[in-house]
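One structure below.
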Amino acid sequence: MDGDKRAVIRLLEDIAEHLELRGENPFKIRAYQTAARTLERLETAPAELIAQGRLEEVPGIGRAIGDKIKEFVATGRLRYYDELKAATPGALLELIKIPGLGPKKAMTLYTKLGINSIGELEYACRENRLVGLAGFGIKTQERILAGIERVKKYQGQFLLAAVLPVAKALAAALAAVPGVTAAEVAGSVRRGRETVKDVDIVVAHPDPSAVGPAVLQLPGIEQVTGSGATKTSLVLETGLAVDVRAVLPEQFAPAWHHFTGSKEHNVLLRGRAKEQGLKINEYGVEAGTGPLGPIADEAAFFRLFGLPFIPPELREGGDEIEAAAAGRLPRLLEESDIQGVFHVHTTYSDGAASLAAMAAAARERGLKYIGISDHSRTAVYARGLRLEAVLEQQREIARLNEAPEGCWILSGIESDILPDGSLDYPDDVLAGFDFVIASVHSAFRMSEAEMTKRIIRAMENPFVTMLGHPTGRLLLGRDGYEVDLAAVIEAAAATGTVLEINANPYRLDLDWRWCRRAKEKGVRLAVNPDAHSAEELAYIAWGVMTARKGWLEALDIINTLPLPQVRNLLRQKRAAGAI
DNA sequence: GCCGTTTTCGGCCCGACTGTTTTCAGTCG
């Protein structure tokens with residue numbers, strides 16, 4: 001059911017990409033992208049919309065795209081797409097991934113030089129064969145070669161957790177430059193995207209042209225890739241690209257908003273501004289009569305369009321502007337809402353710190369409770385707990401809880417979900433824990449149907465309090481296993497199972513794109529650090545970011561509850577199951 | 001390709017920088 005929707009979205013996105021390569025009308029390309037995004041947000045599957053005859057009522061889907069979706073849903077294919085694909089070689093899709101190489105130049109390389117892959121392009125550059133092509137010169141060739149290096153070395157993506165501290169340090173360094181009145185991180189880093197491809201920083205200075213030279217003094221620069229009056233582009237030694245934009249102090253708020261994006265958000269906001277007779281650019285807002293006066297901050301900026309402040313995490317170009325206009329923005333979760341944490345490992349299994357040390361670290365962080373969940377016995381690679389160890393740990397927890405000193409220890413387990421969906425311990429052992437996290441750690445290679453059934457069966461177990469890292473993905477490492485998340489969310493709602501937002505920056509799983517769906521279905525979530533050391537309790541910040549991007553509020557997250565309420569909640573599902 | 005009580009045609013967000021150009025196309029965000 002959901003696979004059908006995903007396939008349609010994919011199809012529309014692919015068409016847009018192919019049209020881009022063909023140098024088609026940009027607005028036509030955007031029409032396909034808009035249709036894909038709209039469908040993404042829609043609860044109803046395309047097949048259902050078609051059955052109800054309502055497909056073309058969806059904004060952004062007209063006759064042409066509607067017919068294409070119908071053909072694709074009915075036959076599983078689309079002739080138009082097949083023809084496009086036949087006419088635009090797949091190699092071009094690979095080529096436009098190289099920074100500095102867009103559809104036009106890629107097409108020239110393909111038609112004039114017969115370049116079919118990045119490898120061939122690299123070879124052609126080294127043979128000096130690009131020079132002489134219309135629109136190409138020695139600089140372009142060098143640029144492309146450097147772009148290839150970057151793609152090969154880093155795949156162009158970085159983990160947010162690796163980038164954010166660097167970005168903040170750069171902004172702080174620029175903030176200290178004489179004359180600078182503000183320097184802030186913008187872009188996808190500020191929006192809290194889980195992976196990012198570059199850093200954007202906006203700097204305010206009475207003489208913007210004075211900022212560029214200061215930027216060039218920053219430490220760790222490997223290469224300067226652009227240097228104009230107001231924009232400086234760098235690549236750091238780590239391969240991370242950085243863009244710095246300089247504006248006048250009175251332009252800072254609109255500029256910060258502009259460079260925070262997303263691009264899609266900006267397009268939508270400009271559309272709304274236009275309806276109101278206002279024009280936005282990165283330096284300010286103009287009415288028909290001329291530029292409006294200085295804008296104090298982003299809140300004032302949004303007010304010009306009759307909107308409340310939209311938090312950066314929500315600015316992905318979905319329905320955030322619509323929701324803001326209707327007063328339906330959520331009051332997003334904050335880290336200070338977090339009262340305690342679940343999913344913490346100790347030296348009983350593969351953690352680096354002892355139970356007592358983890359509890360002490362939690363206390364120092366001001367947490368009111370900490371839920372210990374070491375690995376279960378099947379996870380031998382992680383020194384999973386045999387039954388004797390389970391009992392021993394529970395005795396130690398009881399002993400430590402005699403003097404809890406403000407932080408209560410909850411006894412739990414991260415139990416493997418076995419291939420058939422059963423858990424790793426019998427019910428009487430499971431009943432001895434305060435909570436149980438069920439996770440898939442093995443036998444990843446199953447069909448989507450089998451994996452979905454396996455996970456749902458685990459959730460039907462009354463002792464399973466939470467589902468751990470629902471897809472098993474590792475960012476920039478491996479894709480998650482095949483699983484029908486829509487069905488998992490339905491099952492979580494039906495069984496009263498909490499879904500984990502695993503806050504390890506490599507996981508961030510459940511993905512923010514699914515969090516909102518879960519919330520709408522009435523599912524509760526837990527922001528879990530999956531900490532294997534005392535320091536990793538700080539991972540909670542990444543999980544909070546994910547929850548915020550998923551429109552979640554404190555109410556949606558169980559570990560914002562005080563201890564007595566959270567203990568009640570942990571008992572609810574098994575109590576219901578026992579009746 | 002989509003959309004519309006200003007419109008069924010003519011709009012659709014806007015600007016910086018680079019490189020290859022004799023005035024601007026391509027790329028990016």
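Naming: A, B, ... by sequence-line order, numbering from 1 per chain. Predicted, not measured: the structure shown is a model, and the values here were computed from it.
Among the protein residues, A:I280 comes within range of the sugar-phosphate backbone only, with heavy atoms under 4.0 Å from sugar or phosphate atoms but none that close to a base.
Within residues 201-225 of chain A, no residue has a heavy atom under 4.0 Å from DNA chain B. Shown for residues 68-82 of chain A: residues whose heavy atoms fall under 4.0 angstrom of DNA chain B, namely A:K68. DNA chain B is contacted by no residue of residues 299-312 of chain A, taking any non-hydrogen atom closer than 4.0 Å.
Among A:N504, A:N502, A:T471, the one residue that satisfies the side chain to side chain donor-acceptor pair (under 3.5 Å) test with A:D509 is A:T471.
Using a 4.0 Å cut-off between a side-chain N of Lys or Arg and a carboxylate O of Asp or Glu, A:E275 and A:R270 do not qualify as a salt bridge.
Partners of A:R63 by salt bridge (Lys or Arg N to Asp or Glu O under 4.0 Å), not counting sequence neighbours, listed by chain and number: A:D67. Residues satisfying the ring-ring contact (aromatic ring centres under 6.0 Å, His included) criterion with A:F305, sequence neighbours excluded, are A:F301. Applying the side-chain contact (heavy atoms from CB on, under 4.5 Å) test to A:A35 and every residue at least two apart in sequence or in another chain returns A:L12, A:I61, A:I65.
Stretches of at least 3 consecutive Watson-Crick or G-U wobble pairs, with each checked distance under 3.5 Å, appear in DNA chain B as B:1-4 with B:9-12, B:14-19 with B:24-29.
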Side-chain donor-acceptor pairs of residues 173-201 of chain A under 3.5 Å, sequence neighbours excluded:
unit_1: A:R190; atom_1: NH1; unit_2: A:T260; atom_2: OG1; d: 2.9
unit_1: A:R190; atom_1: NH1; unit_2: A:E298; atom_2: OE1; d: 3.4
unit_1: A:R190; atom_1: NH1; unit_2: A:E298; atom_2: OE2; d: 2.9
unit_1: A:R190; atom_1: NH2; unit_2: A:E298; atom_2: OE1; d: 2.8
unit_1: A:R191; atom_1: NE; unit_2: A:E316; atom_2: OE2; d: 3.0
unit_1: A:R191; atom_1: NH1; unit_2: A:T260; atom_2: O; d: 2.7
unit_1: A:R193; atom_1: NH1; unit_2: A:E316; atom_2: OE1; d: 2.8
unit_1: A:E194; atom_1: OE1; unit_2: A:W512; atom_2: NE1; d: 2.9
unit_1: A:E194; atom_1: OE2; unit_2: A:R513; atom_2: NH1; d: 2.9
unit_1: A:E194; atom_1: OE2; unit_2: A:R513; atom_2: NH2; d: 3.2
unit_1: A:T195; atom_1: OG1; unit_2: A:Q157; atom_2: OE1; d: 2.9

Using a 3.5 Å cut-off and no angle test, enumerate the donor-acceptor pairs between side-chain atoms of residues 220-241 of chain A and protein atoms at least two apart in sequence or in another chain.
unit_1: A:T225; atom_1: OG1; unit_2: A:S233; atom_2: O; d: 3.3
unit_1: A:S233; atom_1: OG; unit_2: A:D243; atom_2: OD1; d: 2.7

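Comparing B:dC12 with B:dC17, their P atoms are spaced 24 Å from each other, to the whole Å. Taking atom P on both B:dG26 and B:dT20, the two are 14 Å apart, rounded to the nearest angstrom. Atom P of B:dT8 sits at a distance of 28 Å from the matching atom of B:dG15, rounded to the whole Å. Going from the P atom of B:dA16 to that of B:dT21 covers 24 Å, rounded to whole Å. Between the C1' atoms of B:dG29 and B:dC13, the separation comes to 12 Å (whole Å).
With A:Y32 as the aromatic partner, A:R10 does not meet the cation-pi criteria of under 6.0 angstrom to the ring centre and within 45 degrees of the ring axis.
In this structure, the side chains of A:L333 and A:E553 stay at 4.5 Å or more apart for every pair of heavy atoms.
Among residue pairs with one or both ends in residues 102-145 of chain A, none qualify as ring pair (Phe, Tyr, Trp, His ring centres under 6.0 Å); sequence neighbours excluded.
The side chain of A:N281 approaches B:dC14 more closely than any other nucleotide in the set B:dT20, B:dC12, B:dC14.
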*Per-nucleotide protein contact string for nucleotides 22-29 of chain B, where B marks a base within reach and S marks sugar-phosphate only (heavy atoms under 4.0 Å, - for neither)*: ----SSSB

Report each atom pair, protein N/O against N/O of nucleotides 3-5 of chain B, whose distance is under 3.5 angstrom.
unit_1: B:dC3; atom_1: OP1; unit_2: A:G60; atom_2: N; d: 2.6

